[in-house]
**Q** 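Would you mind keeping the following structure in view while I ask a few things?
Throughout, protein chains are lettered first and strands after them, A, B, ... in sequence-line order, and every chain is numbered starting at 1. All values below were derived from every heavy atom in this structure, side-chain atoms included, with hydrogens, water molecules and symmetry-related copies excluded.
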Amino acid sequence: MIKAILIFNNHGKPRLIRFYEYFAEDVQQQIIRETFHLVSKRDDNVCNFLEGGSLIGGSDYKLIYRHYATLYFVFCVDSSESELGILDLIQVFVETLDKCFENVCELDLIFHMDKVHFILQEVVMGGMVLETNMNEIVGQVELQNRMEKSEGGFSAAPARAVSAVKNINLPEMPRNINIGDINIKVPSLSPF
Amino acid sequence: MALKIVKGSIDRMFDKNLQDLVRGIRNHKEDEAKYISTCIDEIKQELKQDNIAVKANAVCKLTYLQMLGYDVSWAAFNIVEVMSSSKFTYKRIGYLAASQCFHESTDVIMLTTNQIRKDLSSPNQYDTGVALTGLSCFVTPDLARDLANDIMTLMSHTKPYIRKKAVLIMYKVFLKYPESLRPAFPRLKEKLEDPDPGVQSAAVNVICELARRNPKNYLSLAPLFFKLMTSSTNNWVLIKIIKLFGALTPLEPRLGKKLIEPLTNLIHSTSAMSLLYECVNTVIAVLISLSSGMPNHSASIQLCVQKLRILIEDSDQNLKYLGLLAMSKILKTHPKSVQSHKDLILQCLDDKDESIRLRALDLLYGMVSKKNLMEIVKKLMLHVDKAEGTTYRDELLTKIIDICSQSNYQYITNFEWYISILVELTRLEGTRHGHLIASQMLDVAIRVKAIRAFAVAQMATLLDNAHLLTGNTQRNGICEVLYAAAWICGEFSEHLEEPMVTLEAMLRPKVATLPGHIQAVYVQNAAKLFATVLRGHEGVPADSMVAQETSQLLIDRLPLFVQSSNLEVQERASCILQLVKYIQKLQQKDVEVAEEVTALFAGELNPVAPKAQKKVPVPEGLDLDVWINEPPSGSESEDEGRKSKGKAVFAKEESRHTKPRYTEVDEKELAKRREVRKAEQANNPFYIKASPSSQKVYQDGVGVEHIPVVQIDLSVPLKVPGMPMSDQYVKLEEERRERNKADKKKKKDKKKREKGEKGRRRRGDSGPESEEDITPAHMVDIVTEEMPENALPSDDDDKDPNDPHKALNIDLDKPLADSEKKLPVRSHRPDEVLKSPMEDRQVVEVVPEPKKKTGKEKKEKKDRKKSKEKKKKHKQEEEEDLMGAGSEEPVQPEETKEVAAPPPASTPEAAAAPASTPRTASGMAAVAPDSEPEEAKDTEPEETKSSTHKKKKQKKEKKKKKHHHNHSDGAGDESVQNGTVEEEEPLPPMSNYALLAENSYIKMMKQDADKVCDIQGNLQDGSQVVVSVIFENKCDSFIKSMEFNVLDSLNSKLQRPDGAGPHDGLIVPFQLPPGISNEARFIFSVQNIVMPQKLKGTLTFIVKTDDSSTHEKLDFKLHFTCTSYLITTPCYSDAYSKLLESGDLKGCSLKLEGVNQPFHHLLARICFHHHFSVVERIDSCASMYSRSIQGHHMCLLVKTADQTVSIDAKCDEPGLLGNVLDEIKLTFSQC
């Protein structure tokens, strides 16, 4: 079982959190901090497994993570999951994101957390692996997005226009444009 | 109206969407919290609008804020609103938000049931999918129960997308609603062969999860999985199946044998490392499960180790890590095969990756032997030096100590080396593990007698160089070792060469900067040293000056400690200061004091096993929870807070428990306490009295003879101030071994001569050669740790009773009964608060018994029955209340015609009936009251006298009839005891009545285990016990004016009507014609229920013959056993396990030999005679529960194995427990 999936950046800012077991919000934040602390101090050329922190799980749980550019993808799993399998799953997930967002970068995750969730929902459900075939995942996500569009979308277009109008005189506007986030480079890993 | 809509949509135009929110937060880095709080205010406004799009937008933003740690549960209702939108776009957002922030205690979840059901049956597969995904995150027991059928239908949906989601979510449903597992399992099994690989994978996933927790129920699926394993090409599925086999093989060794071959093939053929790794893992599991006798056993092990070596040598750190992980599994059973790769593992210790180093450390633990311990530790010590200032260094330190101290210092051949290692470790600055080193020093110095001289010398150097350890004023953990050093020097000061020097070192002003508890030890041990110094110098006139100087030193230095702010230090210092001053006075008069001073510290401390204290049975009558003095009234509220949360179920009783008793401390109370204290002292092994055990362990003289020669030049380590070099020992050890080898060839007499020449410290090597050809430098005279003589056997239960998976331990191979084919749909449970999913377990275990289903039962019929049962239950409860009220009347006459068959009291039924009444509606009607045999006897109609009694009895009879009715329609004539089916012969009749007293006129029978009516009574009123006494007229005259009187004790009093004096008797409210018997009841109030009681009493009566009447009396003794304070109380198994888990209960156990009655008779006896109820019974093991009238919980675990019955018991009142166990023992010794 997967107990939690956490995505945070190099500074520990959460970009997506998905707990499959209930924790109160403050505990969740504590877990994120602790996990970040554990993961961030590790070099890139060390192994991707960590015996779980004290807050989540216990001895049966492991943190399995991958570091892509500015983001850490951390899965907290118990012993029924294959370590290498989960590593592969993270790769599948990131590749799927890359396909859905077309060259995914941290900004995509920041501004479209909901969409990332919807993609994740096609990969993992209730803590169990639902689908590992990337084409299948992308296909289902696209079908759902198409449905959303047919319903008129999430009123994104007008709102964006309005927000542009609203923001037109605000001085911070230009700052938003130039955010130095780099694309997540998805390395091609050997098949699992 | 139209305007409002327009206005609404214009407002909408200016709403922020998620992107705006994120952007805003990024632009307000300085005042993020403030910005977010204004955003939340906006969101609250948006949520108030009717427009669902606005709401969805707001909910979407809340989901983001939830990620940042904001509690959004206040919007739960709005989330439900968005979930129920007809548009997929919004629905999806609603479900996402719900899955992120809903949990079992979210109230609004119960509003979602119908919405989710609608979505599940939606024609749009994505509506269904979204609902399933959301549900998987927040499913509750109620949702699981209500939606189980719908989800089960979806498992056969036409779209594989839905099928796989439905299959996966079933696991969550099973967890929350275990009853669904059996009915759903056949369909789940079908899905293993689903044409869609995704669905197949999901099914494998679910079954693997299930089987991991309860593997034995899934053994029958092994052939199917075997087929899948050989046919599937999906690595995910393969990995899961192989992992599953790893869980199954320990249960079925034959399976393992079959698996070896295909797994070996896979290992050779696969290119996927993950699959290879899992195969190796499972092969290891197989090999562990097969004890021996495999022809290619060693070949497989070799293959595994070889493959793992390849993994470890791989440049990929992940593979290296996993390789080491798997190695450690092999290590447990085949240490030899791993030990040959020691080089590789030691190499991993140098790895840059901490995870890998830690894994390698784990492996080292199992790889040490007498031969290589020193070498390995030397290597680790090098790492310790390198790894300065990291947590890894602390880890290394603990590992070194673990490795050395494992299995009672098994691998240490030279304790001097070990002490030096410990001393070297003290150089670590800033470590957290000072106390660990200290405890090792203490342990070794105490338990290895031969090492004491060396240890003391080392510790003296440590003390002398204490300033090096404590460094600046910086308090680091390492100064803890000074605690050990000071104690060792003091305690074993006879080994000190120069006690004066050490004494001086211990009284330096710098010591005052150490932590208080260490200073205290310093002061105390300075006094010990002082005694040693005095003893050394007395008698010799020239030395008396030295002794006096020592006293002066103490008198000069101690005032510093007297001023300490630490109370312990202060108190010890001032005591010792005054003592020394007095001694000084005596010294000046040339009085010899050394002997007396030494006597202060006479006696030796023995090592005590860590669990020894826990194993001492708490003496009878000692209740540590009872207030010694009445607490101030203000503390009551604090008390409430102190209660642990886990015991919610028992909170009611608990509160009664902790409620302070405001009884006056009167003479009686004091007497009682005195008694208790005496009992405690008598039983307490730690109370000062001659300790035979210490003499057993320490036989003087043995030590000296067993101490072998140490051929070490001790001056070397001692020359280095403070810090001995352990490395030298490695060299020395090698030399020593060489020499030993050489010596072996030579004759022994030569060695003896050598011995004579060596100094005091050289010890004769007369010890036998060890198996490994390595003679330990010290005959390891390790003193075993002491245990109290009456230590209890360990009864630790390591299983987690709270594991939700326990509920899924359901036999799946039994064919489904017709009634089970559909999921049981239950009505909402009446007492929601009490129920947790665990609770259903008992029911589940009852349900599958096919015996109980005699016919096909329609659902409606069941429902009807359910409601009937519920009504019945209510009625019974009412009756219980009535009876409870009724029996409070002091005396209740009841007439019975039959003398031979003793009539039962009505109270037991009242107590027992609800015990077994099925609470959950799905519990089959066959569950009969556990007092059935009792009741069955009592079918004679009863005559009543008063009208009130009549009413009551009629009710009672009605109830009985109901029970019987229950039987005939539920389970035929099967007798069912406490929910377990009895196939064996019926129980022998049992009677609760014992002869009390008898003379030629009258016979008194007392019901030996009396029932309590005042269950709810609070402590201030004292608890009540009702004694039923049957009076039988044996003569042919009329007996009248019977008066029953008992001499009250401090603890138990007969309740007399108001106005009656404390010595007045009670009039028995009936007369007895010849040959007639009748029953009267008397109520006693009891204070302390921990001890059995005996009360003396007298019955006076008038025997009236035709012509005359005579006064007669009959003396009797009423025996209140502890059992009589127990009330048969039902207990659900989860409440039971919670109770056991709470840790408040003390354990005790009992073994009965030669009991050759069937187990169910045994249980029935305990139930009947000792008022227990069976919580659960599995084969020859049963858990039982009872509660005392004062609310003590008592739990029994009864196990039987050929004629031996072992009873493990736990109770929060150990005295009571002990007595009840004794009584149980007695019961069985009598039959």
Side-chain angles (χ1 to χ4, degrees), chain A residues 1 14-18 20 22 24-26 28-29 42-43 45-51 80 82-85 87-88 110-114 117-118 121 125-133 136 140 143-144 147-148 151-156 158-160 162-163 166 172 175-176 179 191-192, chain B residues 13-20 22-23 26-27 53 56-57 60 63-64 66-71 87-89 92-93 96 103-104 126 132-133 136-137 161 164-165 168-169 171-172 198 202 205-206 208-209 212 235-236 239 243 272-274 277-278 317-318 320-322 352-356:
Chain A
M1 288 281 281
R15 294 304 175 213
L16 176 133
I17 55 171
R18 174 75 276 199
Y20 293 103
Y22 174 69
E25 275 77 13
D26 50 339
Q28 291 186 355
Q29 295 299 313
R42 294 173 63 85
D43 288 343
N45 53 358
V46 298
C47 77
N48 299 17
F49 313 119
L50 261 175
E51 254 94 304
S80 73
S82 151
E83 290 89 345
L84 295 171
L87 272 182
D88 200 61
I110 295 172
F111 286 106
H112 303 283
M113 185 203 69
D114 48 345
H117 265 297
F118 297 142
Q121 281 177 357
M125 186 178 129
M128 284 186 283
V129 179
L130 180 67
E131 186 57 69
T132 52
N133 183 334
E136 174 77 20
Q140 296 296 351
L143 277 171
Q144 290 179 54
M147 228 178 101
E148 191 176 296
E151 285 180 350
F154 186 35
S155 56
R160 209 165 281 163
V162 169
S163 71
K166 264 166 75 182
E172 61 258 26
R175 257 197 269 158
N176 294 335
I179 296 167
F192 118 96
Chain B
M13 302 276 270
F14 289 98
D15 286 342
K16 287 195 194 81
N17 64 10
L18 175 63
Q19 282 75 34
D20 298 324
V22 174
R23 204 167 288 133
R26 287 167 72 88
N27 285 336
N57 185 41
C60 186
T63 314
Y64 184 82
Q66 195 270 345
M67 178 178 80
L68 298 184
Y70 290 84
D71 176 24
K87 272 195 175 179
F88 172 73
T89 314
R92 179 153 87 152
I93 287 166
L96 174 62
H103 51 96
E104 269 193 30
Y126 291 111
L132 283 172
T133 308
S136 72
C137 293
Y161 177 73
K164 71 182 177 193
K165 286 196 168 194
L168 270 193
I169 204 180
Y171 178 66
K172 296 275 176 163
N205 225 330
V206 170
C208 286
E209 277 305 325
R212 204 165 72 93
N235 277 354
W236 269 101
I239 286 174
K243 267 185 169 288
M273 275 305 184
S274 48
Y277 174 66
E278 295 307 338
Q317 296 287 321
N318 291 331
K320 199 179 278 243
Y321 172 88
L322 294 175
K352 57 188 181 299
D353 187 348
E354 201 176 294
S355 296
I356 286 173

**Q** Is any side-chain heavy atom of A:L130 closer than 4.5 Å to a side-chain heavy atom of B:L168?
**A**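 Sidechains of B:L168 and A:L130: in contact.
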**Q** So which heavy atom on A:F111 is nearest to which on B:Q19, and how close?
**A**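 Scanning both residues completely, I find the closest heavy atoms to be O-NE2, 2.6 Å.
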**Q** Does the side chain of A:Q28 come within less than 4.5 Å of B:Q66's, by heavy atoms?
**A** yes
**Q** Please classify the contact of A:E136 with chain B as side chain, backbone, both or neither, using a heavy-atom distance under 4.5 Å.
**A**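 Side chain only.
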**Q** Could you check if a side-chain atom of B:Q317 sits within less than 4.5 angstrom of a side-chain atom of A:N45, using non-hydrogen atoms only?
**A**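 When only atoms from C-beta onward are counted, A:N45 and B:Q317 do not touch, as no gap falls below 4.5 Å.
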**Q** Quick check: closest heavy atoms across A:S82 and B:E278, and the distance to 0.1 Å?
**A** CB-OE2, 3.4 Å
**Q** Given 3.5 Å as the limit, does a donor-acceptor pair link the side chain of B:N205 with the main chain of A:V129, or not?
**A** yes
**Q** Among B:T133, B:I356, B:V206, who wins on heavy-atom pairs under 4.5 Å with chain A?
**A**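 Top count of heavy-atom pairs under 4.5 Å with chain A: B:T133.
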**Q** Could you report the tightest heavy-atom contact between B:L68 and A:P14, atom names first, then the distance?
**A**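 Reported closest heavy-atom pair: CD2-CG, 4.3 Å.
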**Q** Would you say the side-chain atoms of A:E151 pair up with the backbone N or O of B:K87, donor to acceptor, closer than 3.5 Å?
**A** no
**Q** In terms of relative ring orientation, are A:F49 and B:Y321 parallel, tilted or perpendicular, with 30° and 60° separating the classes?
**A**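 Answer is tilted, since the angle falls between 30° and 60°.
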**Q** Check each atom of B:Y277 against the heavy atoms of chain A and say whether the ones under 4.5 Å are side chain, backbone, both or neither.
**A**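 For B:Y277, the side chain is the part near chain A, not the backbone.
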**Q** Please round to the nearest 0.5 Å and tell me the distance separating atom OG1 of B:T63 and atom CD1 of A:I17.
**A**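 Output value for this atom pair is 10.5 Å.
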**Q** Between A:M1 and B:Y171, is there a side-chain heavy-atom distance shorter than 4.5 Å?
**A** yes
**Q** Given heavy-atom pairs under 4.5 angstrom as the criterion, report whether the side chain, backbone, both or neither of A:Q144 touches chain B.
**A**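 Both the backbone and the side chain of A:Q144 come within 4.5 Å of chain B.
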**Q** A:M113 versus B:V22: any side-chain heavy-atom pair under 4.5 Å?
**A**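 In short, these two side chains do not touch, never coming nearer than 4.5 Å.
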**Q** Contact part of A:R18 toward chain B, heavy-atom cut-off under 4.5 Å: side chain, backbone, both or neither?
**A**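 Both parts, backbone and side chain.
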**Q** Under 4.5 Å heavy-atom distance to chain A, tell me which part of B:K320 shows up: side chain, backbone, both or neither.
**A**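 It is neither, since no heavy atom gets under 4.5 Å.
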**Q** First locate atom CD1 of B:I93, then atom CZ of A:F118, and finally report the distance between them rounded to the nearest 0.5 Å.
**A**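 Going from the CD1 atom of B:I93 to the CZ atom of A:F118 covers 5.5 Å.
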**Q** Quick one: pull up CG in B:L322 and CG in A:L84 and give me the separation to the nearest 0.5 Å.
**A** 5.0 Å
**Q** What closest approach, in Å, do B:S274 and A:G85 show between heavy atoms, and which atom pair accounts for it?
**A** CB-N, 4.3 Å
**Q** With a 4.5 Å limit on heavy-atom distance, are the side chains of B:Y126 and A:E148 in contact?
**A**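 Heavy-atom side-chain distance check fails, nothing below 4.5 Å.
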**Q** Where on B:F88 is there a heavy atom nearer than 4.5 Å to chain A: the side chain, the backbone, both, or neither?
**A** both
**Q** Kindly give the heavy-atom pair with the smallest separation between A:M125 and B:S136, and that separation in Å.
**A** CG-OG, 3.6 Å
**Q** At what distance, to the nearest 0.5 angstrom, does NZ of B:K165 lie from CD of A:E131?
**A**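 The NZ atom of B:K165 sits 10.5 Å away from the CD atom of A:E131.
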**Q** With a 4.5 angstrom heavy-atom cut-off, which part of B:K172 approaches chain A: side chain, backbone, both or neither?
**A** side chain
**Q** Side-chain contact test, heavy atoms from C-beta onward, threshold under 4.5 Å: evaluate it for A:R42 versus B:D353 and give yes or no.
**A** yes
**Q** Can you give me the closest heavy-atom contact between B:E209 and A:S80, atom names plus distance?
**A**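 So the minimum-distance heavy-atom pair works out to OE2-OG, 2.7 Å.
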**Q** Given heavy-atom pairs under 4.5 angstrom as the criterion, report whether the side chain, backbone, both or neither of A:Q121 touches chain B.
**A** both
**Q** Within this structure, what is the OH-CD distance for the pair B:Y70 and A:Q29, rounded to the nearest 0.5 Å?
**A** 9.0 Å
**Q** Quick one: of A:G126, A:G127, A:A24, who has the most non-hydrogen atom pairs under 4.5 Å with chain B?
**A** A:G126
